Amino acid sequence: MDALAITGGSSLFGETRIYGAKNAALPILAATVMVEGTCVIDDVPHLEDVRVMAEILRALGATVERSGLQVTVDSTNIRLTNVPADLMQRMRSSIFLMGPLLARFGEVRVSKPGGCVIGQRPVDYHLTGMRALGAAVEEKHGYIRCTARRLQGTTVTLDFPSVGATENLIMAAALADGVTVIENAAREPEIIDLANFLKSCGALIEGAGETMIQVTGVHHLTGTQHRIMGDRIVAGTVLIAAAATGGRVTVENVSPAHLGSLLAKMRESGMRVETGRDIITVESSRAWQSVDLRTEPFPGFPTDLQAPFMAMLTTAQGTSLVRENVFEARFKHVNELTRMGADISVDLRTAVIRGVDKLSGARVECSDLRGGAALVIAGLMADGVTHVEGLHHIDRGYQSIEMHLRDLGADIERVQL
Ligand code: UD1
C-alpha cells in the first residue's frame, strides 16, 4: 500500500507555478462531446479524475490524445450516449456528461455518480434543470435516462447555487432552442472558464460569474483551443502549507481575486500576504491567531479549503470556530487530526478548534480528497514522522503532491507500507 512519509519541521520556501484546475478541466473535457471538431486544451493536469474523464470520452467514441499538458479531443464521431457505469462510479464529475450528451444527441443514460463521501451529494438540481429544459427524465435501478427531441430554453432557478448543476445547465442550454436564464447560479471562477471555452466554440453565454446567466442556444459548436485556468484550490493548499510551517512561498498562475476570502482569513490570523497579477506570496508570522470562518459558495470561503485551513488552525493561539455550510459531512479529517494531538470537537456543522502547541506524527488515513491534503499539512507541522494512507483520494486532485512540496523544502516521500 502506498503512503506518504512526512517528517515534520521543515518550513516551506520558494516559488511554484500552479497547474491547471481540475474543477475547470473536468467540465471542459465533458463539454468537448458537444463540439463537432477538434478541441485543443492546454494546461490539463495529470490527475486520476482527468484520466477517468478521458477514458469516458474514448468509451463514447471520441479520439483523445495527450501530449504533456495538452489534451486534444475530437468528438466528431461520438455515437454512444450511454456512459459506462464502472467509469461513472469512479468520479462524481462524470455527471457533467449528462447535459452535453443530451443537448447534442437528444438522449443520455448515466448511472448515479460516485465521488468523495463528504455528504449525500444528490443530483436533483441537475435533473430539475434538465426537466425544465424539456427533457423526459427516468430514474430506474440506479440509472438516469434523459431524452428530448431538442432542449427548449427556459428560466431555471436553482434552490442552491450548485457549481455542477450550473455547469451542466450552461452546457445543455448552449445547444438548446432559444434563451435559457439560470437564476441563483453559482459564481465560481471555474464556471467562467467553462463559459469562456464554450464561447470560443461559438456558444452565446452572458453573465458567467454572476448570479444570473443567460445562454442563447446555437445549432453547432466548433473546435477551438483553450488554456485551463490555474487551480485556486491547489494554490490555496500550498499557501496554507507554507503558512502552517512558518515559511514563505510564492504561487504563480493563480488570480488573487479567486482566493480573496482565504487571503483575508490568512491576514486576519497574522500572515503577511502580498499579491500581484496572477501571483500570491504568503509569509508566516510563526505564531498565528485563531480565526472563525464559515464556508460558502464563491466568493465566500471555499469548502475545499476548509480542511487544509483547519489543519493550520490546530496550532493557532486561541480557539477557532469553523462552520461548514456547503456539505453536511465534511469533517472526516477531524478524527485523524485529533489522533495527531489536535483539540477539536464537532457539533453537526460546526467544529471548535482549540489551539495546541504542537502536533505529533502518527499513522493517519485520508477519507476524502481535501481532508487528505489537510493530513499532509498536519504532517508537515508535526513533530516526528507522519504516514498518510489512502493516497488515491489525494491523487484525484493533487498532481504528485510529494514532488510539489519537496520542491519547496518539505521532507516528504511516497513509500510502500
Ligand atoms: C463542486 C466541486 C467541488 C466543490 C463544490 C463546492 C467540481 C468538479 N467539484 O462540486 O470540489 O467542493 O463544487 O464548491 O467542480 N447539491 C444538491 N443537489 C444537487 C447538486 C448539489 O443537493 O443536484 C448539494 C450538494 O450535496 C452540496 C451543495 O449542493 O451540499 C453544493 O454542491 P455543488 O456546488 O453542486 O458541488 P459539486 O458541483 O458537486
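Every number for a ligand or one of its atoms is a count from 1 in the order of the listing. Computed from a predicted model, the values in this text were never measured in an experiment.
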What about [X]: any of its N or O atoms under 3.5 Å from an N or O on ligand 1?
X: Gly164; answer: yes
X: Glu167; answer: no
X: Pro161; answer: no

Ring pair (Phe, Tyr, Trp, His ring centres under 6.0 Å): pairs with one or both residues in residues 18-41, sequence neighbours excluded: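 Pairs touching residues 18-41 that pass the test: Tyr19-His404.
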Qualifying ring pair (Phe, Tyr, Trp, His ring centres under 6.0 Å) pairs with a residue from residues 191-239, counting only residues at least two apart or across chains: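 Counting only pairs at least two positions apart or across chains, the ring pair (Phe, Tyr, Trp, His ring centres under 6.0 Å) contacts touching residues 191-239 are Phe197-His226.
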Does the side chain of [X] reach to within under 4.5 Å of the side chain of [Y], using non-hydrogen atoms?
X: Glu389; Y: Leu417; result: yes
X: Ile191; Y: Ile170; result: yes
X: Ser261; Y: Pro302; result: yes

Pair Asp395 + Arg51: basic N to acidic O under 4.0 Å: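 Result for this pair is no, no salt bridge flagged.
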State the atoms of ligand 1, each with its element, that fall below the 4.0 Å cut-off from a heavy-atom position in [X].
X: Val123; result: 19 (C), 23 (O)
X: Ser93; result: 8 (C)
X: Val326; result: 27 (C), 28 (C), 30 (O), 31 (C)
X: Thr303; result: 6 (C), 12 (O), 14 (O)

Heavy-atom proximity to atom 5 (C) of ligand 1, best of Tyr125, Phe160, Phe327, Phe96: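 Nearest option to atom 5 (C) of ligand 1, by heavy atoms: Phe327.
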Short side-chain donor-acceptor distance under 3.5 Å, Glu206 and Gln214: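 The answer is no; no qualifying pair exists.
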Quick check on [X] - does any of its heavy atoms sit under 4.0 Å from an atom of ligand 1?
X: Arg330; value: yes
X: His126; value: yes
X: Ala186; value: no
X: Ala165; value: no

For ligand 1, note which part of [X] has a heavy atom under 4.0 Å away: side chain, backbone, both or neither.
X: Arg92; result: side chain
X: Val163; result: both
X: Asp304; result: side chain
X: Ser162; result: both
X: Leu127; result: neither

Pi-cation contact, Phe301 with Arg294 (under 6.0 Å, within 45°):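 Relative to the ring axis of Phe301, which defines the angle, Arg294 lies outside at least one limit.
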Where Val110 and Met88 come nearest, the two heavy atoms and their spacing: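 That would be CB-CE, 3.6 Å.
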For Ala307 against Gly371, the heavy-atom pair lying closest together: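 Looks like CB-CA, 3.9 Å.
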N/O donor-acceptor pair under 3.5 Å between Arg104 side chain and Val33 backbone: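 Side chain of Arg104 to backbone of Val33, a donor-acceptor pair under 3.5 Å: yes, one is there.
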